[in-house]
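Below: one structure, written as structure tokens.
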Amino acid sequence: LLALLIGSILSQGPKASVRPRIRTRTGVALAAITLTVLTIGHLQVTPSTQVSLGEQAESSGRYDEAANHYRAAIEAAPLHYSGTLKLGTLQKTSGDLTSAAQTLMVSANNYPTLPWSWMHLAKIHQQQGNTEAALEAWRQMLSTNLPNNDNATEWVAAALATGDDPIHA
């Protein structure tokens, strides 16, 4: 059936009797939709695909769906950086600071040289009024491999706003 649909869509179908059914644009579109639905059942969805689906759901305001996709990415690959970072930031945005801190700590411990998890952890600790933990997270973030042109000046200012020197505290 799959080969028949592909062949029909490309107008090189193995059976001439199928071509008349999809002569119109609507017929081609329906055949393509059918092909997509049939193919999805046989595809393995990778953790990166789950993260992409989560990002799409999140941008559309479907936060529970987004969280489920991020969790699926983490379940399939527990060390998946984007999955843990995205889930943690989504939890932070939704106000679940405890879960967010736990998720982001996993991310930060697995990828200690990347700054973003540390930055989000620092902000969470600041929101919770835990200045000492915030300073430590800022210290960790500022000691990472900061990417060029990625708000490093803003991060240093935010770290200093905690009321103490995050590097020498």
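No hydrogens, no waters, no symmetry mates; every other heavy atom, side chains included, goes into these values.
Nearest heavy-atom pair, Gly88 versus Ala100, reported as atom, atom and distance to 0.1 Å: O-CB, 3.4 Å. Ile124 and Leu97 make their closest contact through CG2-O, 3.9 Å (heavy atoms, listed as atom of the first residue, atom of the second, distance). Annotation for Ala137 and His125: closest pair CB-CD2, 4.3 Å, computed over non-hydrogen atoms. Taking each heavy atom of Ser59 and Gln56 in turn, the nearest pair found is OG-O, 2.9 Å.
If you chain together ILVMFWY residues whose side-chain heavy atoms come under 4.5 Å of each other, Tyr70 ends up grouped with Val51, Tyr63, Ile74, Leu87, Leu90.
Sequence neighbours left out, the pairs with a member in residues 86-115 that pass salt bridge (Lys or Arg N to Asp or Glu O under 4.0 Å) are Glu55-Lys86. The salt bridge (Lys or Arg N to Asp or Glu O under 4.0 Å) pairs that include a residue from residues 57-73 are Arg62-Glu65, where partners are two or more places apart or lie in different chains.
Atoms OH and CH2, on Tyr111 and Trp116 in that order, are 12.5 Å from each other to the nearest 0.5 Å.
Using a distance-only test at 3.5 Å, with no hydrogens or angles considered, no donor-acceptor pair links the side chain of Trp138 to the main chain of Met119.
By the salt bridge (charged side-chain N to carboxylate O under 4.0 Å, His left out) test, Glu132 is found to be paired with no residue, residues two or more places apart in sequence or in another chain being considered. Residues forming a side-chain hydrogen bond (donor to acceptor under 3.5 Å, both in side chains) with Ser107 (at least two apart in sequence, or on another chain): Thr84, Ser117. With sequence neighbours excluded, the residues satisfying side-chain contact (heavy atoms from CB on, under 4.5 Å) with Ala76 are Pro47.
The environment of Gln127 atom CD is dense: over 12 non-hydrogen atoms of other residues, nucleotides or ligands sit within 6.0 angstrom.
The only member of Val106, Leu104, Thr103 that meets side-chain contact (heavy atoms from CB on, under 4.5 Å) when paired with Leu85 is Leu104.
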For Thr46 and Thr49, run side chain to side chain donor-acceptor pair (under 3.5 Å): C-alpha distance rounded to whole Å, both residues' side-chain angles, the deciding distance at 0.1 Å, then the answer. CA-CA 5 Å; Thr46 66; Thr49 302; 2.8 Å; yes
From CA spacing to verdict: side-chain contact (heavy atoms from CB on, under 4.5 Å), Trp118, Met105: CA-CA 8 Å; Trp118 292 115; Met105 197 66 208; 4.0 Å; yes
